[in-house]
Amino acid sequence: MKKSKQQEPDIPNKIDALPQRRPGPIVAAVIVAILAAQFIHMLVTNENFEWNVVWTYLFNEHVLSGVGWTLILTVASMVIAIVLAVALAIMRKSSNPVLRGVSWFYIWFFRGTPVYTQLVFWGLISVLMPKLSLGIPFGPEFWSWNTADVFTASRAAIIGLALNEAAYLAEIVRAGLEAVDPGQREAAEALGMKPSLIMRRIILPQAMRIIIPPTGNEVIGMLKTTSLVLAVPFTLELQYVTTTLANRVYKPIPLLLVAAIWYLVITSILMVLQSKLEKHFGKGFDIRGGVEQFDPADATETKRTKASAEDRQDVQMIGLNA
């Protein structure tokens with residue numbers, strides 16, 4: 001049996017409201033479509049882009065090697081920077097004034113000097129200190145190494161990028177840690193948990209929801225900052241390779257497009273990974289995920305259940321009074 005639709009009550013002077021027309025989105029969509037069509041037309045018809053040269057060098061072995069080294073520099077630098085940033089953020093919140101002072105000085109120094117200057121310094125470290133040694137100050141040396149052998153161009157580039165990035169990430173981590181309710185730590189301490197366990201199991205998992213978005217932005221920024229490692233000098237990353245090829249074949253615009261395409265592809269992948277991490281660490285915090293759609297039938301059923309419960313309660317109260 002099909003349920004018959006309930007008849008709407010006859011309301012005198014009922015107003016049939018019509019949705020308000022909003023032409024703004026339609027006008028904006030038309031303008032964006034026209035501009036996009038003009039841009040695509042310019043890309044296709046402008047012969048100065050030389051797309052045939054772009055496709056020729058897009059998967060060139062030297063370009064692919066540059067992409068690989070760019071990814072290695074980015075990942076290695078960010079891993080080291082994240083570890084240092086967590087340590088610096090914890091030091092900033094420490095009750096030990098020495099640790100707070102060291103952390104503050106580190107952040108002040110590396111945020112106050114340009115990354116290009118720091119990379120130049122790391123490139124000249126073998127000139128500044130030809131030999132590294134471990135021993136007693138003003139006493140005998142136990143071990144010594146040639147600085148040029150220890151700090152190769154790739155290692156110097158990674159260390160320079162990581163130390164600079166750690167100063168910025170430390171403030172991001174500190175902001176995330178301070179956003180966690182202090183009551184979480186107090187409750188964990190009341191349960192007898194150790195400070196290290198509290199930080200690892202209670203504080204950091206909750207702070208990650210705030211730390212991940214700006215950290216993802218820093219990773220994407222690091223991807224493009226690797227183009228400055230020429231100051232070390234390190235000459236295997238993507239930007240330097242494409243520039244060298246452009247100077248060799250006298251095609252600067254197509255080779256710039258090759259670099260831009262690869263940077264866009266890598267950035268797109270990183271943005272997808274960032275989005276997945278945000279969803280993972282944002283479980284339980286996303287209000288939109290917990291909102292249920294309003295169903296009039298459910299509301300009617302809820303009202304009937306509530307009325308039935310009230311009637312049963314009234315019957316019980318009458319019985320008690322009798």
Side-chain angles (χ1 to χ4, degrees), residues 70-111 115 158-226 266-293:
T70 298
L71 291 174
I72 290 173
L73 292 175
T74 302
V75 173
S77 300
M78 287 305 301
V79 169
I80 298 173
I82 289 172
V83 174
L84 286 175
V86 173
L88 290 169
I90 294 174
M91 290 168 63
R92 282 291 299 270
K93 295 175 65 64
S94 173
S95 58
N96 190 327
V98 177
L99 295 179
R100 291 201 308 269
V102 171
S103 177
W104 180 89
F105 178 82
Y106 181 98
I107 295 172
W108 167 78
F109 179 80
F110 283 96
R111 290 175 67 187
V115 61
I158 291 172
I159 292 173
L161 293 173
L163 293 180
N164 177 79
E165 185 62 33
Y168 294 91
L169 286 178
E171 292 298 284
I172 294 175
V173 175
R174 183 175 65 89
L177 295 179
E178 292 181 350
V180 179
D181 190 350
Q184 299 286 331
R185 179 184 293 274
E186 295 172 359
E189 291 175 348
L191 294 174
M193 297 178 67
K194 297 180 180 180
S196 60
L197 186 61
I198 294 174
M199 179 61 66
R200 192 171 65 252
R201 299 293 299 274
I202 305 298
I203 305 300
L204 277 178
Q206 297 184 64
M208 291 298 288
R209 179 178 61 93
I210 300 173
I211 294 173
I212 288 295
T215 301
N217 191 50
E218 291 294 318
V219 173
I220 294 173
M222 174 63 74
L223 175 70
K224 291 170 284 189
T225 305
T226 55
I266 300 171
T267 301
S268 301
I269 296 173
L270 292 176
M271 291 177 66
V272 172
L273 294 177
Q274 176 186 342
S275 177
K276 291 185 178 298
L277 284 175
E278 289 182 14
K279 290 181 180 179
H280 174 74
F281 288 102
K283 292 178 180 178
F285 293 94
D286 191 359
I287 299 177
R288 292 173 298 177
V291 176
E292 297 180 357
Q293 297 293 330

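Summarising the geometry, atom CD1 belonging to Ile80 is positioned 6.5 Å from atom CD1 belonging to Ile158; distances are rounded to the nearest 0.5 Å. The distance from the CD atom of Gln184 to the CD1 atom of Ile198 is 11.0 Å, given to the nearest 0.5 Å. Considering OG of Ser196 and CD1 of Ile90, their distance stands at 9.5 Å, rounded to 0.5 Å. Rounding to the nearest 0.5 Å places CZ of Arg92 at 9.0 Å from CH2 of Trp104. How far CG of Asn164 is from CD1 of Ile159: 13.5 Å, rounded to the nearest 0.5 Å. Distance CZ/Arg201 to CD/Gln206: 12.5 Å, rounded to 0.5 Å.
In plain terms, the two heavy atoms of Arg111 and Ala167 that are nearest each other are CG-CB, 3.7 Å. Across every non-hydrogen atom of Ala207 and Gly176, the tightest pair is CB-O, 3.3 Å. In terms of heavy atoms, Ala166 sits closest to Ala85 at O-CB, 3.8 Å. Annotation for Ile172 and Glu218: closest pair CD1-CG, 3.8 Å, computed over non-hydrogen atoms. Residue Leu223 comes nearest to Thr74 through the heavy atom pair CA-OG1, 3.5 Å, listed as atom of the first residue, atom of the second, then distance.
For the pair Leu169 and Met78, the minimum side-chain heavy-atom distance is below 4.5 Å. Taking 4.5 Å as the limit, every side-chain heavy atom of Arg100 sits out of range of all side-chain heavy atoms of Lys93. Contact check for Tyr106 versus Leu163: side-chain heavy atoms found under the 4.5 Å cut-off. Within the 4.5 Å cutoff, the side chain of Arg185 has no heavy atoms near those of the Ile202 side chain. Using a 4.5 Å heavy-atom cutoff, the side chains of Glu165 and Leu161 are not in contact. With contacts defined as side-chain heavy-atom distances shorter than 4.5 Å, the pair Leu73/Met222 does not qualify.
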Worksheet item: Can you list the steps and then say if Asn96 with Met91 is a side chain to side chain contact (heavy atoms under 4.5 Å, CB included)?
Response: CA-CA 8 Å; Asn96 190 327; Met91 290 168 63; over 6 Å; no
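A donor-acceptor distance shorter than 3.5 angstrom exists from the side chain of Thr225 to the backbone of Gly221, with no hydrogens or angles considered. Remark: the backbone N or O of Ile211 is paired with a side-chain donor or acceptor of Thr215 at under 3.5 angstrom.
Phe105 and Trp108 have tilted rings, their planes meeting at an angle from 30° to 60° on a 0 to 90° scale.
By the 4.0 Å N-to-carboxylate-O rule, Glu278 lies too far from Arg209 to be salt-bridged with it.
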